[in-house]
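This report concerns only the one structure given below.
These values consider heavy atoms only, across backbone and side chains, with no hydrogens, waters or symmetry-generated copies.
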Amino acid sequence: MAGFGTGGYAYAWEPTHQRVTHYRFTPKGWPRSGRLKLAIISDLHIGGPHMPVSRVRDIVATANELNPDLVLLLGDFVASRARRVSDPPYADWATELAALKAPSGVYAVLGNHDWWQDEPTQRNRSGPTQSGLALEAVGIKVLENRALRLDTAAGPLWLAGLGDQIAFLRRLRGQKNGVDDLPGTLAQIADDGAPIIMLAHEPDVFARMPARVALTLSGHTHGGQVRLFGWSPIVPSRYGNRYAYGHVREDGRDLVVSAGLGTSKLPFRLGIPPEIVLVELG
């Protein structure tokens with residue numbers, strides 16, 4: 001009976017009740033007087049067992065109530081399986097996300113499932129993805145190996161977004177498996193002293209992120225979807241639990257990994273509830 005109760009909780013309750021997880025810190029090189037609130041939404045997996053479009057509407061409302069300066073979407077908008085006729089149209093969920101509000105804007109990167117579940121991109125090994133087109137159509141900028149200079153409440157900063165690191169399911173000899181270009185993205189940033197926030201769906205790139213980047217924000221791992229006593233048995237990262245979840249500080253550099261909101265492959269969560277992340281800098 002205990003196993004049945006735990007299984008029911010992990011399938012029916014925990015995946016459907018998100019929380020707001022709050023971090024407050026000052027990254028290295030961040031201006032002393034600069035305060036900035038970031039609302040982070042990741043791994044919705046819309047159309048999956050716990051994410052109808054109506055729930056996206058509720059998540060958007062909660063994020064707006066946080067009054068963030070920036071809203072950042074970290075990818076994996078679609079369910080982690082082959083697309084079905086019954087799945088909501090891309091335009092439906094993109095329209096819900098278009099209601100997100102922040103004075104400095106709403107920006108996104110794409111995740112591996114936005115590529116993997118898009119048959120033409122897999123066949124051609126190139127974009128654009130349907131997820132990316134849907135977001136751009138409602139006015140949400142998708143940053144794929146792109147950096148922008150923003151004027152924010154904390155002063156000027158660079159917001160950069162990395163292309164997905166594992167965009168293609170098939171590995172071809174001599175060809176890269178992702179569409180990420182970290183050097184090319186960083187080359188767009190002027191050496192003007194303004195801090196850099198980097199959006200990267202998978203956190204593994206943090207191991208080679210230069211000190212010039214004040215903060216890296218990632219999703220992808222779902223915190224392992226099962227997390228007990230701060231440890232997850234399965235983490236989709238070459239670094240295991242090192243970058244599985246939460247605020248990580250290494251060599252003076254900061255990374256925040258969101259547990260995300262939907263579920264992937266296995267339709268349950270245990271010990272790692274869905275979350276909207278609020279990061280206050282400065």
Are [X] and [Y] side-chain neighbours, meaning at least one heavy-atom pair lies under 4.5 Å?
X: V56; Y: D92; answer: no
X: L261; Y: I276; answer: yes
X: L135; Y: W93; answer: yes
X: Y23; Y: V256; answer: yes
X: T121; Y: D114; answer: no
X: F206; Y: M198; answer: no
X: I272; Y: R269; answer: yes
X: L148; Y: K141; answer: yes

Considering all heavy atoms of both residues, which atom of [X] and which atom of [Y] are nearest to each other, and what is their separation?
X: L100; Y: A63; result: CD2-CB, 3.9 Å
X: A108; Y: F77; result: CB-CZ, 4.2 Å
X: L157; Y: A194; result: CA-CB, 4.1 Å
X: S218; Y: A200; result: OG-O, 2.7 Å
X: Q122; Y: F168; result: OE1-CA, 3.5 Å
X: P68; Y: P103; result: O-CD, 3.3 Å

Hphob cluster co-occupancy, [X] + [Y], side-chain heavy atoms under 4.5 angstrom:
X: L270; Y: I234; result: no
X: V60; Y: L278; result: yes
X: V142; Y: L133; result: no
X: V78; Y: L199; result: no
X: Y90; Y: L44; result: yes

Begin with the C-alpha distance, continue with both residues' side-chain angles, and end with the deciding distance and a verdict on side chain to side chain contact (heavy atoms under 4.5 Å, CB included) for V205 and L162.
CA-CA 9 Å; V205 71; L162 198 62; 3.8 Å; yes

If the threshold is 4.0 Å, N to carboxylate O, is there a salt bridge linking [X] and [Y]?
X: K37; Y: D69; answer: no
X: E250; Y: R242; answer: yes
X: D192; Y: R149; answer: yes
X: D204; Y: R208; answer: no

I'd like to know if the side chain of [X] and the backbone of [Y] have a donor-acceptor N/O pair within less than 3.5 Å.
X: N145; Y: V179; result: yes
X: T221; Y: V235; result: no
X: D118; Y: W115; result: no
X: R253; Y: M209; result: yes
X: D254; Y: H247; result: no
X: D151; Y: P156; result: no
X: E202; Y: D164; result: no
X: T62; Y: D58; result: yes
X: R84; Y: D87; result: no

What do you reckon, is [atom1] of [X] surrounded by more than 12 foreign heavy atoms closer than 6.0 Å?
X: Q188; atom1: CD; value: yes
X: R123; atom1: CZ; value: yes
X: L169; atom1: CG; value: yes

Nearest 0.5 Å, please: how far is [atom2] in [Y] from [atom1] in [X]?
X: N64; Y: I59; atom1: CG; atom2: CD1; answer: 12.0 Å
X: L255; Y: L215; atom1: CG; atom2: CG; answer: 8.0 Å
X: I41; Y: S258; atom1: CD1; atom2: OG; answer: 9.5 Å
X: T26; Y: W30; atom1: OG1; atom2: CH2; answer: 9.0 Å
X: Q175; Y: L172; atom1: CD; atom2: CG; answer: 5.0 Å
X: Q225; Y: K265; atom1: CD; atom2: NZ; answer: 11.0 Å

Classify the side-chain pair S80/S264 by whether it contains a donor and acceptor separated by less than 3.5 Å.
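Side chains of S80 and S264: pair found under 3.5 Å.
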
Does the pair D181 and K176 meet the rule for a salt bridge (Lys or Arg N to Asp or Glu O under 4.0 Å), with working shown?
CA-CA 11 Å; D181 182 1; K176 192 175 177 182; 5.8 Å; no

So if I apply the side chain to side chain donor-acceptor pair (under 3.5 Å) rule between D76 and each of Q117, H220, H201, which one comes out positive?
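Testing D76 for a side chain to side chain donor-acceptor pair (under 3.5 Å) against Q117, H220, H201 leaves exactly one candidate, H201.
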
List the steps and the verdict of side chain to side chain contact (heavy atoms under 4.5 Å, CB included) for L281 and I197.
CA-CA 11 Å; L281 302 174; I197 296 175; 4.1 Å; yes

Tell me whether R238 forms a cation-pi arrangement with Y243, defined as NZ or CZ under 6.0 Å from the six-membered ring centre and within 45 degrees of its axis.
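The answer is no, since R238 fails at least one limit relative to Y243.
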
Should the pair H222 and H45 be assigned to parallel (<30°), tilted (30 to 60°) or perpendicular (>60°) ring geometry?
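Ring orientation of H222 relative to H45: tilted.
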
Taking it one step at a time, do F268 and T263 satisfy side chain to side chain contact (heavy atoms under 4.5 Å, CB included)?
CA-CA 7 Å; F268 58 79; T263 54; 6.0 Å; no

Could I get the full list of side-chain hydrogen bond (donor to acceptor under 3.5 Å, both in side chains) partners for Y245, not counting sequence neighbours?
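side-chain hydrogen bond (donor to acceptor under 3.5 Å, both in side chains) check on Y245 returns R19, E275.
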
Could you walk me through whether Q18 and R55 pass the side chain to side chain donor-acceptor pair (under 3.5 Å) test, one step at a time?
CA-CA 10 Å; Q18 69 263 6; R55 188 174 170 204; 2.9 Å; yes

Test side chain to side chain contact (heavy atoms under 4.5 Å, CB included) applied to L72 and L159, step by step:
CA-CA 10 Å; L72 305 171; L159 183 67; 3.9 Å; yes

